[in-house]
Number of protein chains: 2
Amino acid sequence: MKLTNLQQDFVLHFGEMGSRWGINRTVGQIYALLFLSSEPLNAEQITEGLGVSRSNTSMGLKELQAWNLVRLRHFPGDRRDYFTTPEDMWEITRILIAERKKREIDPTLTKLRELEMQAPAGDDYAEARIAELREMIELMTGFYDDMEKLETERLVKMMTLGSKIAGLIDKTSGALTLGRRKEVK
Amino acid sequence: MKLTNLQQDFVLHFGEMGSRWGINRTVGQIYALLFLSSEPLNAEQITEGLGVSRSNTSMGLKELQAWNLVRLRHFPGDRRDYFTTPEDMWEITRILIAERKKREIDPTLTKLRELEMQAPAGDDYAEARIAELREMIELMTGFYDDMEKLETERLVKMMTLGSKIAGLIDKTSGALTLGRRKEVK
DNA sequence: TCTAAATTTCAGAAATTACTGAAATCACAG
DNA sequence: CTGTGATTTCAGTAATTTCTGAAATTTAGA
């Protein structure tokens with residue numbers, strides 16, 4: 001398993017970015033390698049391609065599976081495990097966001113609600129701030145949950161239109177300004 | 001600077017989450033403490049409140065300033081620096097997203113474009129995959145840039161409406177279905 | 001059941017990151 | 001200037017995370 005320059009460069013970048021993304025270098029590199037491979041790879045190929053220990057590859061693959069970022073594949077007459085990333089970029093994106101939300105946001109949302117329950121009713125400012133933070137997180141995650149449900153095609157349209165869509169929202173009414181085209185100029 | 005139970009609990013949680021968020025424990029705790037304080041705090045108060053070394057507080061505050069997450073304040077007749085977080089939850093959110101984008105996404109987008117430029121024209125699959133990834137990142141960051149421009153009020157409306165908005169988008173036309181209410185039932 | 005390949009586990013080593021205390025620097029009132 | 005308080009820097013240490021190699025476990029065909 002000799003990497004091309006392109007693969008090498010991409011893999012090293014993902015390794016370096018790994019720590020910023022909350023994964024370690026090897027995990028980043030394994031993912032990068034699988035992402036660029038049209039064929040599924042087994043642990044031995046990955047180990048050789050990256051120049052890390054076999055056990056490190058094993059642990060890295062385990063973590064990627066915990067993140068739900070890789071898929072297991074098998075070939076007839078070969079009992080080794082082969083790994084791939086999902087083909088569909090949208091699926092990958094959804095998984096990434098969902099998993100980061102689970103690890104980085106959900107525990108805090110739970111904690112904030114817990115703190116509000118206990119309500120020691122002493123520090124008004126702190127309590128208000130916590131409520132504000134919880135509300136913000138709920139608004140953002142609620143919006144995401146909503147977007148998540150859309151078909152990819154609509155989602156792309158919507159994202160492409162971007163703020164143009166916002167022009168449709170009437171600031172004061174709280175309803176969409178349907179059937180009434182805004183005067184231009 | 002004695003912390004209330006509520007503050008203590010919140011601060012410890014932010015410390016623990018810090019590593020998942022790409023900051024260290026102390027930085028998380030300092031931010032949490034400032035976030036809950038109605039009054040600006042100086043480094044000495046933070047040090048005492050958290051039970052860390054003065055130098056650690058100094059480094060943590062420096063990092064929070066690099067993240068643009070705290071504001072410096074001064075009082076007449078007192079030459080110490082006092083720190084606060086912005087009052088406005090939306091401002092905090094915008095800063096957080098912008099800074100994470102800068103650290104976690106922009107370097108990769110740059111690298112992907114660089115890889116596409118060099119174009120070794122050997123590995124078609126890898127090249128296509130890189131292009132796909134770049135396009136996805138551009139779509140998402142472009143959408144964010146667009147949202148970012150909106151007034152808070154419109155943004156809240158839009159997020160609250162969520163997928164209801166998507167119903168307005170005509171899947172095939174690529175344009176908004178303005179002035180033509182969809183038949184219901 | 002036995003065997004060998006495939007994979008995982010795990011204790012210790014290596015690398016990295018976080019933290020401290022002491023010294024250096026800075027800033028400003030007198 | 002000078003002296004004092006505030007802040008930063010930084011070398012060394014502590015804590016944590018990552019990685020490896022060897023041993024243990026799992027798996028499936030013979």
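Chain letters run A, B, ... following the sequence lines, proteins first, then strands; residues in each count from 1.
- Residues satisfying the side-chain hydrogen bond (donor to acceptor under 3.5 Å, both in side chains) criterion with B/Asp88, sequence neighbours excluded, are absent altogether.
- The two residues B/Glu91 and B/Arg71 make their nearest non-hydrogen contact at OE2-NH2, 3.2 Å.
- When the P atom of D/dT18 is taken as reference, atom CD of A/Glu16 falls 16 Å away, rounded to whole Å.
- Ring geometry for B/Phe10 against B/Phe35 counts as parallel: the plane angle stays under 30°, on a 0 to 90° scale with 60° as the upper cut.
- If you take CH2 of A/Trp21 and C1' of D/dT18, they are 18 Å apart, rounded to a whole angstrom.
- Projected onto DNA chain D by closest heavy-atom contact, A/Ser53 and B/Arg25 fall at different nucleotides, the more 5' of which corresponds to B/Arg25.
- Going from atom CZ of B/Arg54 over to atom C1' of D/dC10 covers 15 Å, rounded to whole Å.
- To the nearest angstrom, P of C/dA14 lies 19 Å from CG of A/Asn24.
- Contacts of A/Trp21 classified as ring pair (Phe, Tyr, Trp, His ring centres under 6.0 Å), with partners at least two apart in sequence or in another chain: A/Phe14.
- Contact annotation for A/Thr26: backbone-only contact, meaning every heavy-atom pair under 4.0 Å involves sugar-phosphate atoms and none involves a base.
- Partner of B/Asp106 under the salt bridge (Lys or Arg N to Asp or Glu O under 4.0 Å) criterion, out of B/Lys111, B/Arg113, B/Lys101: B/Lys101 alone.
- Contacts of A/Glu132 classified as salt bridge (charged side-chain N to carboxylate O under 4.0 Å, His left out), with partners at least two apart in sequence or in another chain: A/Arg129.
- In the region residues 33-42 of chain B, proximity to DNA chain C at under 4.0 angstrom, judged on heavy atoms, holds for none of the residues.
- Contacts of residues 55-82 of chain A with DNA chain D (heavy atom under 4.0 Å): A/Ser55, A/Asn56, A/Met59, A/Arg79.
- For the side-chain hydrogen bond (donor to acceptor under 3.5 Å, both in side chains) test, no residue two or more places apart in sequence or in another chain qualifies with A/Thr93.
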(Q) Walk me through whether B/Asp123 and A/Thr4 qualify under side-chain hydrogen bond (donor to acceptor under 3.5 Å, both in side chains). (A) CA-CA 8 Å; B/Asp123 185 345; A/Thr4 65; 4.5 Å; no
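- Atom CG in A/Leu50 sits about 10 Å away from atom P in D/dT20, given to the nearest Å.
- Salt bridge absent: A/Arg80 and A/Glu44 never bring a charged side-chain N and a carboxylate O closer than 4.0 Å.
- Atom P of nucleotide D/dT18 and atom CD1 of A/Ile23 are separated by 10 Å, given to the nearest angstrom.
- For the pair B/Ala43 and A/Val52, both in contact range of DNA chain D, the more 5′-proximal nearest nucleotide belongs to B/Ala43.
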